[in-house]
Amino acid sequence: MTALATLSLHVFREQLRSRTYLLVLLFGGAMVYASILVGVLAVDDELRVLLDLGLGLIELTVLAAVVYGAATSILQEMESKTIYLILTRPLAKWQYLLGRFLGLCLSAAFAAGAMGAVHLLLLAVKGWWDWAYPVWLLYTVLKVFLAASLATLFALVSTSVVSAVVMTGFLWLLGHFLPEVTFLVRHGTSFASTLLKPTLYLIPNLQLFNLRDRISVPQASTAWVFLAPVGYLTVYAAVVLAMAVWLFDRKEF
Amino acid sequence: MALRPQRILGPAVLAGGAAALAAAGFLFARGFALPYPAPSEMKVRADDAVEDVALMSLGMRRAAADMAFVRLLQYYGTPEGEPAAQQMAESVGLAQEHHMHEGGVYPEFYPRAREIVDLDPYFEHAVLFAVGSLAFNQNRADEAIDLLNRARARDPQKWRYDALLAAIGYKNAGDPQRVADALMPVALDPDSPALVKQVTAFLLKRIGRRTEAVRVYRLLYDTTKDEGYRENALRNVAELSGH
């Protein structure tokens with residue numbers, strides 16, 4: 001447990017020292033601030049635009065930082081053989097991967113929290129406040145956690161950073177388009193549609209986490225709306241990471 | 001040739017993992033439906049299709065609706081200046097007095113508004129703005145009713161939609177007093193669009209209900225950031241108050 005915590009903190013610190021991570025964060029913060037300009041164009045609807053664009057930009061920025069971090073660090077450590085320094089210690093391979101994943105989650109939460117604070121401050125200055133904001137942000141971060149688990153797996157499957165990032169990005173897009181893809185597959189009459197139906201459940205359902213996109217939808221705020229994404233993330237990430245561990249066990253450096 | 005355990009284990013792990021992922025999807029996402037129109041029900045303008053799809057695939061559907069709304073405001077704020085259309089609007093009796101939308105025909109207004117409603121039918125401010133403009137500024141009641149019905153189908157609890165629908169009905173029946181009565185609660189809501197307040201205040205002024213007109217103009221002045229509306233409201237308050 002201590003080893004896991006130590007490794008997670010090490011990854012978190014490593015991310016904080018990473019120029020890419022900091023640059024992406026800085027860029028994200030600047031973009032959130034710049035969304036004021038678009039908000040002004042909406043005249044009396046400025047707050048809504050500022051809220052939507054800000055939350056969306058925070059999500060994309062954190063995603064970029066975390067997926068890049070997940071894809072690069074493992075591959076680089078394997079390439080430079082520095083991974084031996086870690087694995088020669090009394091640390092199981094599953095602990096190494098889980099520690100890396102948790103460290104990335106920590107850095108995602110930190111980045112979202114920092115940018116969310118700036119965003120909320122901007123909104124508060126404009127006269128907006130809602131206690132639900134941290135909840136929307138939390139589910140945004142949970143969505144990024146799921147992407148981080150996928151990026152960890154793809155970093156082991158692929159041989160380059162680009163392909164790992166592209167594969168994660170592809171699933172990210174597909175995960176948001178899942179309701180539309182499901183609609184198209186269910187209404188398709190071809191043999192391919194029939195074949196595709198079972199695979200729909202394999203695609204990560206990211207819309208489950210997208211509470212910020214359903215802010216004004218009058219729906220019952222049942223516990224299931226909040227619990228289902230957490231349960232889904234737990235199982236989905238656990239399975240993806242288990243597969244990553246299985247692959248990692250068989251990997252020759 | 002005997003199969004080695006490693007050869008069996010790989011596909012077995014993959015199949016097991018896939019089954020576990022599918023089970024997670026089935027267990028936690030079963031019955032989950034996005035409360036938005038299906039792709040087959042949507043009518044997106046070709047010019048905006050790429051942007052809309054890109055934002056939707058990034059999970060930013062509300063932001064896509066916001067961008068479409070900003071584009072609609074810019075489109076409506078660009079003068080089209082056709083004297084014939086201006087005369088037509090005046091003959092209808094509800095020609096507006098604002099710096100925006102004077103005279104133009106704005107053939108793209110409905111498709112643009114429809115795109116917003118398809119992207120986010122819960123975007124009440126945009127729906128009220130578009131319906132108010134179509135029904136009372138552009139004399140396109142059928143399109144206004146169509147938009148209202150699309151929004152009401154998803155969000156039937158919104159009383160402002162019912163009020164606007166009633167106002168359009170009274171307008172078609174040629175009863176300006178009742179149009180004003182129906183619009184008043186919407187106009188007196190600080191959160192309703194400036195355009196609805198403007199239309200209501202102007203109508204009240206025209207039918208001689210000056211005190212109510214002043215009240216709405218004052219609220220319009222206090223609640224909008226649009227300088228055009230504010231200047232107009234100030235001028236009318238001064239005029240109606242006899243200053």
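A note on names: the letters A, B, ... follow the listed sequences, proteins ahead of strands, and every chain is numbered from 1.
With chain B as partner, the option from A:Lys143, A:Glu59, A:His187, A:Glu180 having the largest number of non-hydrogen pairs under 4.5 angstrom is A:Glu180. By number of non-hydrogen pairs under 4.5 angstrom with chain B, the leading residue of A:Leu202, A:Leu227, A:Val217 is A:Val217. Among the candidates A:Tyr236, A:Trp172, A:Phe209, the residue making the largest number of heavy-atom pairs closer than 4.5 Å to chain B is A:Tyr236. Counting heavy-atom pairs under 4.5 Å between each of A:Pro179, A:Ala228, A:Ser216 and chain B puts A:Ser216 at the top. When each of A:Leu41, A:Val43, A:Leu208, A:Asn210 is scored by its heavy-atom pairs under 4.5 Å with chain B, the top score falls to A:Leu208.
The contact between B:Gln74 and chain A is made entirely by side chain atoms (from C-beta outward), counting heavy-atom distances below 4.5 Å. Heavy-atom distances place no part of A:Leu55 under 4.5 Å from chain B, backbone and side chain included. Both the backbone and the side chain of B:Phe26 come within contact range of chain A, each with at least one heavy atom under 4.5 Å from a heavy atom of that chain. Contact annotation for B:Leu72: neither backbone nor side-chain heavy atoms come within less than 4.5 Å of a heavy atom of chain A. Residue B:Asp191: no heavy atom, backbone or side chain, is found under 4.5 Å from chain A. Contacts of A:Leu206 with chain B are absent, with no heavy-atom separation under 4.5 Å from either backbone or side chain. With a 4.5 angstrom heavy-atom cutoff, A:Leu60 touches chain B only via side-chain atoms. For A:Tyr232, the parts lying under 4.5 angstrom from a heavy atom of chain B are both the backbone and the side chain.
A donor-acceptor contact shorter than 3.5 Å links the side chain of A:Asp44 to the backbone of B:Lys225. A donor-acceptor pair under 3.5 Å is absent between the side-chain atoms of A:Asn205 and the main chain of B:Ala29, judged by distance alone.
No more than 12 heavy atoms of other residues, nucleotides or ligands shown are found within 6.0 angstrom of CZ on B:Arg215. The local environment of OH in B:Tyr110 is crowded, with over 12 non-hydrogen atoms from other residues, nucleotides or ligands closer than 6.0 Å. No more than 12 heavy atoms of other residues, nucleotides or ligands sit less than 6.0 Å from atom CZ of A:Phe170. Applying the 6.0 Å contact sphere to CZ of A:Arg186 captures no more than 12 heavy atoms from other residues, nucleotides or ligands. For B:Glu41, the CD atom is densely surrounded, since the number of other residues' heavy atoms within 6.0 Å is greater than 12.
Of the residues A:Asp45, A:Asp213, A:Asp52, the one that meets the salt bridge (charged side-chain N to carboxylate O under 4.0 Å, His left out) test with B:Arg62 is A:Asp52.
Ring planes of A:Trp224 and B:Phe28: parallel class, angle under 30° (limits at 30 and 60°).
Using a 4.5 Å cut-off on side-chain heavy atoms (C-beta onward), A:Ile215 and B:Tyr122 make no contact. Side chains of B:Asp66 and A:Leu53 form no contact here, defined as non-hydrogen atoms less than 4.5 Å apart.
When all heavy atoms of B:Ala20 and A:Val235 are compared, the pair lying nearest together is O-CG1, 4.4 Å. Nearest approach of B:Gly17 to A:Met243, heavy atoms of both residues: CA-SD, 3.9 Å.
Cation-pi geometry between A:Arg48 and B:Phe123 is satisfied (NZ or CZ under 6.0 Å from the ring centre, within 45° of the ring normal).
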